[in-house]
Amino acid sequence: MSQFYTSTDHFVLVPAIMLALFGCAVLLFDFFLFPEPRQRKRLVWFLFAGEIFTAAGLWRQQAFLASEGLPEITAFQGTLTVDGFSLFFNWIFVAVSLLVAIVSWRYLEIEGEHHGEYYGLILLAQCGMYFLATGTDLITLFIGLELMALCFYVMVGFLRERKRSNEAAMKYLLLGAFSSGLMVYGFSVMYGLAGSTKLRAVAAAIASRDAWDPVVFLAMATTAVGVLFKVSAAPFHMWAPDAYEGAPTTVTAFLAVGSKAASFAFLMRIFLGPLETARPAWEPLLVLVAVLSLTIGNLAAITQNNVKRLLAYSSISHAGYILLGLIAGNATGLKGMAVYILVYAFMTLGAFLVVVALRRENLIGEDIEDMAGLMHRSPGYAVLMLIFLLSLAGIPPTAGFIGKYYIFLALLETSHYLLAALAALYVAVAIYYYFRIVRSMFISEAVAAPPLESTVGLRVALAVTGVLTLAIGVYPEPFLRLAQTSLVR
Amino acid sequence: MLHPITNAHFLVLSAALLLIGTIGVLTRRNMVVILMSIELILNAVNINLVTFSRHFGDVHGQIFAIFVITVAAAETAVGLGILIALFRNRETVLADEVDLLKW
């Protein structure tokens, strides 16, 4: 009989405990300590404390793995697995949560919806992400996904008085709940195949069957719908533009980066774990999904005038690129996925942060016209936005180029020449719509608009994302090594 | 003569519930009914899980089902909360009348 809660279990669970503890502490102390609305910004310190303890827990896990030379630590009889993969993603989540939190305060003040639970929801959503990256059990993954998704439904609808925010949250919730319902049906079929909820047992059960077995196909297809919905790949992308546009911009940034990275971690756990042996069955489907994502994302972005909506379509096309890495499926492709997700996180976050900076009293600042002449008004922001857009388009020497380089390399190594050609073609399309923003910023006449006021948090966050976007592009070696560690299994 | 109820019957019931729920989500206009259809899908999952749990004599399926029930309750609570906020501002619960966000 195994012990119920061993010290290893605790060791693996510490970051999640810290996130949940501080998340709940925010909800509790919001009432007791800070009855006055203007005191609420102090709640961000709870988030900082929570992230410090979480980072400490992750650091100890990393040091333990390194000192013992172990590939992984498993806990709760194989329910949670800490390995390079989970640590890689969890570091991204910590960075993203911190960067989003430090810019949120002023933005929410302007919107008039500054509530303490915002920080609590960030922490709890991150707790869900922790389980998505670390879980190796169907139940754990499902709970992690739902914990993250429920927090995001609430955060998207955070501007209660705004019709757009309500509408975005409602659409996101209905489609999200539907897709996760289908996904968990797939999980139940997997349980039926294996008689166990452990991913390892499910993998063994699926491996013992034919790749085209109808029951395996049913489990794969329903699971894929839920997973692909969460990474907003076409044709399951319908929620993304609406949710991104209607949500408060800081939440959009968190949704576009945190939720997407966590969902890709989940996708890789599922498709490279239990479904690996069913590759002949899912590869054609994923090729279709990736091509559709690239096509719809890039073509629909051309006509957008709202920057948030444009970036939403761009994020759909980025999901397509990341999926191409999975389709290639060799070591370069998987490394490419990890690098791309890392790069995507910082460049997309940066682009959304510039949109956050454009929000002022009485001015929403989300349209491309609102950026007209930004170079003459606030050159710093214009240059940073240029860097992020170059990176999103994949032009060297920015980070986006490194991400795309490995994806293309993997496609060529595995002789997917047609897919590589198509993906390269869409880079050209992407340059066109990103440069609509650049043209507006640099060439259009400056419009009379109130100046941009920046906070310390915003400046720090923009500096971090800007420096990283350039650094990964100019000197990629340490980041590539980091991505490489995520692949040791 | 009565036939005993086998696991296959449960699985067919579950598949039928999944189908009804999916059709409900895709065709109904009222968002409250859509939420109810999502509940049907989750109940299909529960029947599946409990059936397999009985079949294998393994308790994990029932644990999973309890988690699914919990998540369904949380999802409905959040969903109805957002729906009430939406209704206050828009005075409608029909999905096709909620159309501010469009390309």
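Naming convention: chains lettered A, B, ... in sequence-line order (proteins, then strands); numbering from 1 in each chain.
Residues A:Y191 and B:D58 bring a donor and an acceptor atom of their side chains to less than 3.5 Å of each other.
Interatomic distance, B:I82 CD1 to A:K171 NZ, rounded to the nearest 0.5 Å: 13.5 Å. Interatomic distance, CD1 of B:I41 versus OG of A:S180, reported as 9.0 Å (0.5 Å rounding). The CG atom of B:L49 lies 9.5 Å from the CG atom of A:L138; values are rounded to the nearest 0.5 Å. Rounding to the nearest 0.5 Å gives a distance of 8.0 Å between CG of B:L18 and CG of A:L218.
B:V45 is not listed as a side-chain neighbour of A:F187, based on a closest heavy-atom distance of 4.5 Å or more. Using a 4.5 Å heavy-atom threshold, the side chains of B:F64 and A:S188 count as separate. Between A:F178 and B:I34, every side-chain heavy-atom pair lies at or beyond the 4.5 Å cut-off. When side chains are defined from C-beta on, A:K198 counts as touching B:H60, because their heavy atoms get closer than 4.5 Å.
Contact tally against chain A (heavy-atom pairs below 4.5 Å) for B:A72, B:A65, B:G61, B:G21: the top residue is B:G61. If you tally non-hydrogen atom pairs under 4.5 Å between each of B:V78, B:V71, B:T22 and chain A, the highest count goes to B:V71. Contact count against chain B (heavy-atom pairs under 4.5 Å) is highest for A:N166 among A:V189, A:N166, A:V184. Taking chain B as the reference chain and counting heavy-atom pairs below 4.5 Å, the highest number among A:V154, A:N305, A:N306, A:I143 is found for A:I143.
Neither the backbone nor the side chain of A:S165 comes within contact range of chain B, judged by heavy atoms closer than 4.5 Å.
In terms of heavy-atom proximity, A:Y185 sits nearest to B:A15 at OH-CA, 3.9 Å. Nearest heavy-atom pair, B:G79 versus A:M170, reported as atom, atom and distance to 0.1 Å: O-CE, 3.9 Å.
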